[in-house]
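Given the structure is predicted, the values throughout are model-derived calculations rather than measurements. These values consider heavy atoms only, across backbone and side chains, with no hydrogens, waters or symmetry-generated copies.
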Amino acid sequence: MSERSRRHFLQSIGATGVAVGLHQAHLLQYQRVLAQPAPRKLAMVIGINDYTDAPLYGCVNDAILQRQLLIHRFGFNPRDVVMLLNQKATRRGILDAIEEHLIKQARSGDVVVIHFSGHGSLVADPDPIYTHPDTGEGLAGTLVPIDGTLPTEEKKSGVVADILGHTLFLLMSAIQTENLTVVLDSCHSGASTRDRRVRAREGGKAIAISPQEKAYQEQWLDRLGWSPKEFVRRYRQGIAKGVVLAATQVDQLAVDEQFNGFEAGAFSYRLMQYLWQQNSTPDRTISEIQRQIPKDHFQKPKLEVAPGSTNGQRPVYFVDNPKATGQAVVIDQKGDRAKVLLVGIDPGTVEAGTVFVTGDRRNSVEVVERDGLVAMAKIKGAVEVGTVLQAK
């Protein structure tokens with residue numbers, strides 16, 4: 001609304017014949033709305049391929065695709081999307097980034113996204129919240145950072161630098177907004193399989209969590225003002241806040257899948273392709289991705305929402321008005337040549353001669369060659385980095 005239109009609107013309110021008290025209440029309410037800043041959007045995206053003991057190949061692609069989705073579809077400022085890839089994604093690096101970028105900056109009403117693609121595992125928990133009903137073992141799910149390698153390859157035992165799911169719960173609780181989405185493309189089965197590449201590092205009762213991790217939890221309990229008993233009570237109720245979109249159920253394996261010339265998470269890739277094409281809710285999104293994942297992957301994505309909330313019916317990522325849908329986005333441009341990331345279309349359908357157009361159909365690019373998710377194209381008209389395209 002222009003300043004002139006805004007003044008006219010306020011003047012017309014003042015000209016009405018309503019009671020003075022009601023008029024003043026409406027005016028103050030409207031002025032408060034005008035003064036409210038737009039919610040800030042913050043994200044941290046983690047992708048780890050280069051594990052020394054069990055490398056993966058699709059996690060960095062997941063992270064790149066998620067970043068592009070958040071910026072060009074959901075309106076995140078590029079400066080507010082922190083990426084931690086491979087060697088930067090240490091245990092300390094991940095925890096520090098969550099604290100500095102998300103906990104210290106997010107305010108009530110802001111939008112926050114955390115995405116993790118990498119290994120998950122199970123480790124022995126000295127203070128278990130849950131125990132196995134048959135064995136009595138106390139095992140806890142973890143996220144495996146780049147330095148979360150097994151200490152002894154032969155014995156598969158010792159102490160690891162993993163991040164406990166319990167720790168993630170505490171950090172989620174400390175983020176000062178309910179509009180929080182966590183995407184987890186890993187699995188906590190703690191086992192691997194020979195016939196496919198899965199996102200699970202070996203684990204079990206012989207693998208112990210580091211003392212530093214338990215000490216870090218104690219620090220956060222103190223900051224949050226929770227007793228251990230209060231923490232257990234809250235944890236058993238459900239996730240801390242917002243929404244969690246997980247690649248699998250707790251006893252399943254997350255697949256690192258080979259697609260047409262590239263690898264990505266079976267869950268993450270389909271999730272982001274779908275969100276480039278549809279305005280949706282978490283409920284509908286998980287239902288659709290469950291339908292798309294091949295049955296022989298034996299993984300069923302899972303949605304969790306904050307207890308008592310309707311977050312499953314809210315817009316994905318809590319963004320009410322995402323930008324236009326698209327099938328490709330320009331990620332580099334020099335002269336009449338563009339590098340295009342294929343985000344909402346099956347790359348196998350893209351070949352030399354495929355044409356993508358801008359939303360107004362006035363400008364276009366014609367594909368010259370494709371390598372996996374990326375196509376090189378010749379520009380016809382005017383496009384720039386960040387331009388979202390549709391297949392003609």
Exercise. Are Ile239 and Trp220 linked, directly or through other ILVMFWY residues, by side chains that come within less than 4.5 angstrom of each other?
Worked result: yes
Exercise. Could you walk me through whether Asp62 and Val45 pass the side chain to side chain contact (heavy atoms under 4.5 Å, CB included) check?
Worked result: CA-CA 9 Å; Asp62 290 357; Val45 182; over 6 Å; no
Exercise. If you take all heavy atoms of Lys241 and Ile175, which pair is closest and at what distance?
Worked result: NZ-O, 2.5 Å
Exercise. Out of Val329, Thr325, Leu275, Val343, which one pairs with Arg73 under the side-chain contact (heavy atoms from CB on, under 4.5 Å) rule?
Worked result: Thr325
Exercise. Mind checking whether Val250 and Ile289 sit in one hydrophobic cluster, side chains of I, L, V, M, F, W, Y counted as touching below 4.5 Å?
Worked result: no
Problem set entry | NZ/NE/NH1/NH2 to OD/OE distance under 4.0 Å, Asp80 and Arg40 | yes
For this session: Decide, yes or no, whether a salt bridge links Arg270 with Glu257 under the criterion of side-chain N to carboxylate O below 4.0 Å.
Result: yes
For this session: Determine the minimum heavy-atom distance between Asn49 and Cys59, stating which atoms define it.
Result: OD1-N, 2.8 Å
Exercise. Between Gln313 (side chain) and Thr281 (backbone), is there a donor-acceptor pair under 3.5 Å?
Worked result: no
Exercise. Could you give the distance from CD (Gln105) to OG1 (Thr177), rounded to the nearest 0.5 Å?
Worked result: 13.5 Å
Exercise. Hey, does the side chain of Arg362 reach the backbone of Thr358 with a donor-acceptor pair shorter than 3.5 angstrom?
Worked result: no
Problem set entry | Heavy-atom check, side chain of Phe356 versus side chain of Thr354, under 4.5 Å | yes
For this session: Apply side chain to side chain contact (heavy atoms under 4.5 Å, CB included) to the pair Leu56 and Arg199, showing each step before the final yes or no.
Result: CA-CA 7 Å; Leu56 295 168; Arg199 298 179 173 185; 3.8 Å; yes
For this session: Using the six-membered ring wherever Trp is involved, compare the ring planes of His166 and Tyr235 and label them parallel, tilted or perpendicular (cut-offs 30° and 60°).
Result: perpendicular
Exercise. Is a side-chain donor-acceptor pair under 3.5 Å present for Thr285 with Tyr274?
Worked result: no
Exercise. So, Glu213 side chain and Leu164 main chain: donor-acceptor pair closer than 3.5 Å or not?
Worked result: yes
Exercise. Hey, are Gln176 and Ser108 close enough side-chain-wise for a donor-acceptor pair under 3.5 Å?
Worked result: no
Problem set entry | Min side-chain heavy-atom separation Met376-Val367 under 4.5 Å | no
Exercise. Once you round to the nearest 0.5 Å, how far does NZ of Lys380 lie from OG of Ser364?
Worked result: 6.0 Å
Exercise. How about Leu95 and Leu171: do any of their side-chain heavy atoms sit closer than 4.5 Å?
Worked result: yes
Exercise. So, Asp125 and Lys205, do they make that salt bridge, N to O below 4.0 Å?
Worked result: no
For this session: Using the rule that two of Ile, Leu, Val, Met, Phe, Trp, Tyr join whenever any of their side-chain heavy atoms come within less than 4.5 Å, decide whether Val316 and Val113 are in one cluster.
Result: yes
Problem set entry | Nearest-0.5 Å distance, CD1 of residue Ile163 to OG1 of residue Thr90 | 8.5 Å
Exercise. Counting heavy atoms not belonging to Gln219, are there more than 12 under 6.0 Å from its CD?
Worked result: yes
Exercise. Does any N or O in the side chain of Gln273 come within less than 3.5 Å of the main-chain N or O of Leu271, such that one atom is a donor and the other an acceptor?
Worked result: no
Problem set entry | Shortest non-hydrogen separation from Ser121 to Gly203 and the atoms involved | OG-CA, 3.6 Å
Problem set entry | Ring-ring centroid check Tyr57 Phe262, cutoff 6.0 Å | no
Problem set entry | Option passing side chain to side chain donor-acceptor pair (under 3.5 Å) with Arg201 (candidates Asp162, Asp53, Thr142) | Asp162
Problem set entry | Ser268 side chain vs Gly265 backbone, donor-acceptor pair below 3.5 Å | no
Exercise. With a 4.5 Å limit on heavy-atom distance, are the side chains of Lys378 and Val365 in contact?
Worked result: no
For this session: Taking the side chain as every heavy atom from C-beta outward, state whether Asp283 and Leu303 have any atom pair closer than 4.5 Å.
Result: yes
Exercise. Any sub-3.5 Å donor-acceptor pair from Gln252's side-chain atoms to Lys300's backbone N or O?
Worked result: yes
Problem set entry | Criterion ring-ring contact (aromatic ring centres under 6.0 Å, His included) on Phe76 and Tyr317, from CA distance to verdict | CA-CA 11 Å; Phe76 282 64; Tyr317 296 156; 7.2 Å; no
Seminar exercise, completed: Residues His119 and Ala54: closest non-hydrogen pair is NE2-O, 2.7 Å
Exercise. Of the non-hydrogen atoms in Ser173 and Trp226, which two are nearest, and what is the gap between them?
Worked result: OG-CH2, 3.4 Å
For this session: Report yes or no: does Asn61 contribute a side-chain atom to a donor-acceptor pair with the main-chain N or O of Ala264 at less than 3.5 Å?
Result: no
Exercise. Using 4.0 Å as the upper bound for N to carboxylate O, is an ion pair formed by Lys214 and Glu218?
Worked result: no
Exercise. Please walk me through it: do Leu180 and Met172 pass side chain to side chain contact (heavy atoms under 4.5 Å, CB included)?
Worked result: CA-CA 8 Å; Leu180 170 64; Met172 289 173 65; 3.8 Å; yes
For this session: Please step through side chain to side chain contact (heavy atoms under 4.5 Å, CB included) for the pair Val330 and Glu384, ending with a clear verdict.
Result: CA-CA 7 Å; Val330 177; Glu384 58 187 15; over 6 Å; no
For this session: Would you mind reporting whether Thr181 and Ile114 have side-chain heavy atoms less than 4.5 Å apart?
Result: no
Problem set entry | Value rounded to 0.5 Å, distance of CD in Gln212 from CD in Gln217 | 12.5 Å
For this session: Determine, stepwise, if the pair Arg284 / Asn279 fulfils side-chain hydrogen bond (donor to acceptor under 3.5 Å, both in side chains).
Result: CA-CA 10 Å; Arg284 292 202 308 270; Asn279 295 331; over 6 Å; no
For this session: Look at the side-chain heavy atoms of Ile, Leu, Val, Met, Phe, Trp and Tyr, link any pair under 4.5 Å apart, and say whether Phe169 and Val182 land in one connected group.
Result: yes
Exercise. Is Val385 linked to Val383 within one hydrophobic cluster, defined over Ile, Leu, Val, Met, Phe, Trp and Tyr using a side-chain heavy-atom separation of less than 4.5 Å?
Worked result: no
Exercise. Taking atom CG of Leu85 and atom CD of Gln87, what is their separation to the nearest 0.5 Å?
Worked result: 10.5 Å
Problem set entry | Contact check, side chains of Met44 and Leu102, non-hydrogen atoms, under 4.5 Å | yes
Exercise. So, does Asn363 use its side chain to make a donor-acceptor pair with the main chain of Ala382 at under 3.5 Å?
Worked result: yes
Seminar exercise, completed: Distance col, row Leu184:CG vs Leu245:CG, nearest 0.5 angstrom, shows 8.5 Å
Problem set entry | NZ/NE/NH1/NH2 to OD/OE distance under 4.0 Å, Asp147 and Arg91 | no
Exercise. Any ion pair linking Arg223 and Glu99 (charged N to carboxylate O, less than 4.0 Å)?
Worked result: yes
Exercise. Hey, are the side chains of Arg67 and Met83 touching, using non-hydrogen atoms and a 4.5 Å cut-off?
Worked result: yes
For this session: Return the minimal non-hydrogen interatomic distance between Asn179 and Asp110, and the atom names on each side.
Result: CB-O, 3.1 Å
For this session: May I ask you to decide if Ala247's main-chain N or O and Gln299's side chain share a donor-acceptor pair within less than 3.5 Å?
Result: yes
Exercise. Can you tell me if Glu304 uses its side chain to pair, donor with acceptor, with the backbone of Gly242 under 3.5 Å?
Worked result: no
